[in-house]
Amino acid sequence: MTDITKAVVEPEVLRARRAVYIAFGGCGFAFATWASRIPQVKHTLSLDPGQLGLVLLSIAIGSAVALPLAGIVVTRIGTSRAVAAMSVLLAVGLAIVAIGQNYGVTPVVVGLFLYGFGTGMWDVAMNVEGAAVEQRLGRTIMSRFHAGWSLGTVLGALVGAAMIAGHVPVSVHLLIVSGLIVALVPWSVRGFLAIEATPAPAHNERPAHPLQAWTEPRTLLIGLFVLSAAFAEGTGNDWLGITVIDGYHASAAMGSLTLAVFLASMTTARWFSTGILDRYGRIPLLRGSVAAAAAGLLLVVFGGSLPLAIAGSVIWGLGAALGFPVGMSAAADDPVRAAARVSVVASIGYVAFLAGPPLIGLLGDHLGVRHALTATVGVLALGLLVSGATRPLVPAEADADSTASPLELRTS
């Protein structure tokens, strides 16, 4: 992105920026809280890798149900109400998991479904709000919002490691975090921008229905790119701790700490990449990131020792950091259709969370979880092929995006 003009920042934009950081951070903290306790829940329920993959699938199914509806919901009720409601639903799901994991698989699956539903719609709403704030600021900042999510995950993973080391029960840990989410997030999103309605389209045209975004070639290809990025990120989130524990015979606390290293690397890349994005543009940075993610992942799998696996986790995290946030920015280039397009892109991207856990789990039954991770490299190669679809739209092209080919779009 070039020729960016820095506008005077209004107080309401600063408030919204802080609120978006809290929304992203709270969502990340909730996720890492759950991710840090997956090995203990696996042990409590006596699950093998394939069974665990199917249990984790319930999160993705919940998100898959929510995401196609998110564009309509966010367009009609606004981003702040959507995030507030979904944060409460997520917390309820986490509380059900906290209690239910002592009674069997079924309540855990129900709780994770609610957790996934809340996460999916919350994700779309906060990304739409983040894109609006980014556009009001006049400079790239979306990756920093996602760094806020990553920072939340780092904090959540570290707290999880401390809870494990202190022998705090899973149920107590998850219930405390559920309460914190309900207390903090609905209050914070009152600072979101007051523009809740979808802006009117140019030239007095009839507003496009949110579902029309599913027919736009550029939007669909961005979704495919985000799918590859989400697969690489989600594989690390769900399976890295187990890979270190089972594949390198590390302790449970070391598994959580390795996950924290991975998440810290993602946070670092997201926070410090904004200037590079503005200077060099989306495409070169995204392609380099995909290559780095693949290289780091292969080092985790074939490094042969725990120190090399941790080093690979760093590289993997750095490379996996930018695909999702930059894809969200690309989907929201046109503010008029941002909610609908972000919903579509997120829906496609979350197929990675739908297919990823069971795929790695089933492969892990035959190859071991560590070597099953190599499937992610093929998905990253697909993302590399379609990364050109994320080229920024110039304003004149935004209205015609639904009929234009991604190869016909000029860059800004």
Side-chain angles (χ1 to χ4, degrees), residues 28-29 31-43 47 49-50 52-53 55-56 59-60 149-161 164 228-270 289 292-321 323-324 352-353 355-365 367-377 379-380:
F29 186 86
F31 173 79
T33 296
W34 158 245
S36 70
R37 303 312 293 253
I38 288 175
Q40 288 72 52
V41 174
K42 173 179 178 288
H43 176 75
L47 302 175
L52 176 60
V55 170
L56 295 175
I59 299 177
W149 186 91
S150 296
L151 186 60
T153 64
V154 172
L155 182 58
L158 290 173
V159 170
I164 293 168
S228 72
F231 198 98
E233 180 179 345
T235 299
N237 289 334
D238 287 339
W239 293 104
L240 183 56
I242 293 172
T243 297
V244 169
I245 294 169
D246 292 349
Y248 290 98
H249 309 292
S251 66
M254 181 58 69
S256 292
L257 287 173
T258 302
L259 175 61
V261 168
F262 172 80
L263 297 172
S265 299
M266 292 186 63
T267 304
T268 300
R270 286 173 170 172
S289 295
L297 190 151
L298 290 173
L299 187 57
V300 169
V301 174
F302 298 110
S305 68
L306 182 58
L308 286 178
I310 294 174
S313 300
V314 172
I315 300 170
W316 182 359
L318 292 173
F324 204 98
F353 301 116
L359 174 61
I360 300 300
L362 291 173
L363 288 174
D365 283 340
L367 305 174
V369 171
R370 196 176 87 188
H371 290 94
L373 295 179
T374 54
T376 308
V377 176
V379 180
L380 285 169

#### Entry: Which residues share a side-chain contact (heavy atoms from CB on, under 4.5 Å) with T243, sequence neighbours left out
W239, V300, V369, R370, L373
### Task
With sequence neighbours left out, write down each residue that passes ring pair (Phe, Tyr, Trp, His ring centres under 6.0 Å) with H371, or none if nothing qualifies.
F302
### Message
Taking side-chain contact (heavy atoms from CB on, under 4.5 Å) as the definition, give me every residue that meets it alongside V159, ordered by chain and number, with sequence neighbours left out.
### Response
F29, L155, M163, H173
### Query
Which value, rounded to the nearest 0.5 Å, describes the distance between I310 atom CD1 and I315 atom CD1?
12.5 Å
#### Entry: Minimum-distance pair of heavy atoms, taken over all atoms of S36 and G156
OG-O, 4.3 Å
### Message
Which heavy atom of L308 sits nearest to which heavy atom of G303, and what is that distance?
### Response
CD1-O, 3.2 Å
### Summary
Minimal heavy-atom distance between A250 and L306, with the atoms involved, is CB-CD2, 4.3 Å
### Query
Considering residues at least two apart in sequence or located in another chain, which fulfil the side-chain contact (heavy atoms from CB on, under 4.5 Å) criterion with A264?
V154
### Listed partners of Y248 passing ring pair (Phe, Tyr, Trp, His ring centres under 6.0 Å), at least two apart
none
### Task
State the OG1-CG distance between T153 and L151, to the nearest 0.5 angstrom.
7.5 Å
### Query
Partners of W316 by ring pair (Phe, Tyr, Trp, His ring centres under 6.0 Å), sequence neighbours excluded?
F262
### Task
To the nearest 0.5 angstrom, please state how far the CG atom of L257 sits from the OG atom of S313.
11.5 Å
### Query
Any idea which heavy atoms bring G323 and A229 closest together, and the distance?
CA-CB, 3.6 Å
### Query
Hey, what do you get for CG (L380) to OG1 (T235), rounding to the nearest 0.5 Å?
8.5 Å
### Query
Who passes side-chain contact (heavy atoms from CB on, under 4.5 Å) against L47, sequence neighbours left out?
K42, L45, Q51, L52, V55, V105
Expected list for residues 355-363: side-chain donor-acceptor pairs under 3.5 angstrom, two or more places apart:
none

### Message
Going by salt bridge (charged side-chain N to carboxylate O under 4.0 Å, His left out), name the pairs with one or both residues in residues 257-270, residues two or more places apart or in two chains.
### Response
E233-R270
### Query
Which pair of non-hydrogen atoms, one from I245 and one from A252, has the smallest distance, and what is that distance?
CD1-CA, 3.8 Å
### Query
Nearest heavy-atom pair of A260 and L158: which atoms, and what distance?
CB-CD2, 4.0 Å
